[in-house]
Amino acid sequence: MNQQLVTLTHNNEVITTSLAIAEGTENEHASVILLVRKYVSDLEEFGHVDFKSTTVTRPQGGGSNLEYAILNEDQA
């Protein structure tokens with residue numbers, strides 16, 4: 001997928017996504033998002049954890065929703 005590891009927001013806050021973390025650590029995204037969900041209350045001590053979803057198109061046709069988390073620098 002070649003996710004960009006970090007992004008700067010309009011407030012110059014460093015953020016990343018669970019997708020980028022999964023790719024950068026060579027782990028399955030399902031495992032990373034599961035950990036984020038499991039420890040969301042701990043992560044929120046460092047700020048709000050935002051969850052988004054996107055549609056992923058499959059090569060054989062159709063698509064499915066993929067949930068991912070947006071994390072700030074301290075959460076990551």
Side-chain angles (χ1 to χ4, degrees):
M1 240 186 214
N2 291 329
Q3 293 288 320
Q4 185 173 342
L5 187 57
V6 296
T7 304
L8 288 176
T9 67
H10 64 279
N11 296 332
N12 288 330
E13 180 183 17
V14 176
I15 61 170
T16 192
T17 67
S18 55
L19 294 166
I21 291 170
E23 184 174 312
T25 60
E26 298 180 1
N27 285 289
E28 294 291 324
H29 181 256
S31 299
V32 175
I33 196 72
L34 185 67
L35 286 171
V36 171
R37 281 281 182 205
K38 181 176 181 178
Y39 295 104
V40 70
S41 61
D42 294 325
L43 293 169
E44 286 192 332
E45 292 180 18
F46 301 101
H48 177 68
V49 177
D50 197 12
F51 291 92
K52 301 285 185 184
S53 67
T54 187
T55 301
V56 178
T57 305
R58 303 289 178 204
Q60 62 272 28
S64 62
N65 285 334
L66 175 67
E67 179 188 50
Y68 63 96
I70 299 174
L71 306 170
N72 66 33
E73 186 175 13
D74 291 332
Q75 293 163 332

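What you see below is based on every heavy atom in this structure, not just the backbone, and it leaves out hydrogens, waters and symmetry mates. Everything quoted here is computed from the prediction, not taken from an experiment.
Residues meeting the side chain to side chain donor-acceptor pair (under 3.5 Å) test with Glu67, sequence neighbours left out: Arg37.
Connection of Val56 to Ile70 is established within a shared hydrophobic cluster, with ILVMFWY side chains joined at heavy-atom distances below 4.5 Å, either directly or through further cluster members. The same ILVMFWY cluster, assembled from side-chain heavy atoms under 4.5 Å apart, contains both Phe51 and Val32.
Through direct or indirect side-chain contacts shorter than 4.5 Å among Ile, Leu, Val, Met, Phe, Trp and Tyr, Tyr39 is connected to Leu35.
Nearest heavy atom pair, residue Val49 against residue Ala69, reads CG1-CB, 4.2 Å.
Applying the side-chain contact (heavy atoms from CB on, under 4.5 Å) test between Leu71 and each of Ile21, Asp50, Ile15 identifies Ile21 as the sole match.
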Take Val40 and Glu44, measure what side chain to side chain contact (heavy atoms under 4.5 Å, CB included) needs, and give me the verdict at the end.
CA-CA 6 Å; Val40 70; Glu44 286 192 332; 4.1 Å; yes

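A donor-acceptor pair is defined here as one N or O able to donate and one able to accept, closer than 3.5 Å; such a pair exists between the side chain of Gln75 and the backbone of Leu43.
Between Val14 and Asn72, every side-chain heavy-atom pair lies at or beyond the 4.5 Å cut-off.
Every pair passing side-chain hydrogen bond (donor to acceptor under 3.5 Å, both in side chains) that includes a residue from residues 24-33 is listed here, sequence neighbours excluded: Ser18-His29, Thr25-Asn27.
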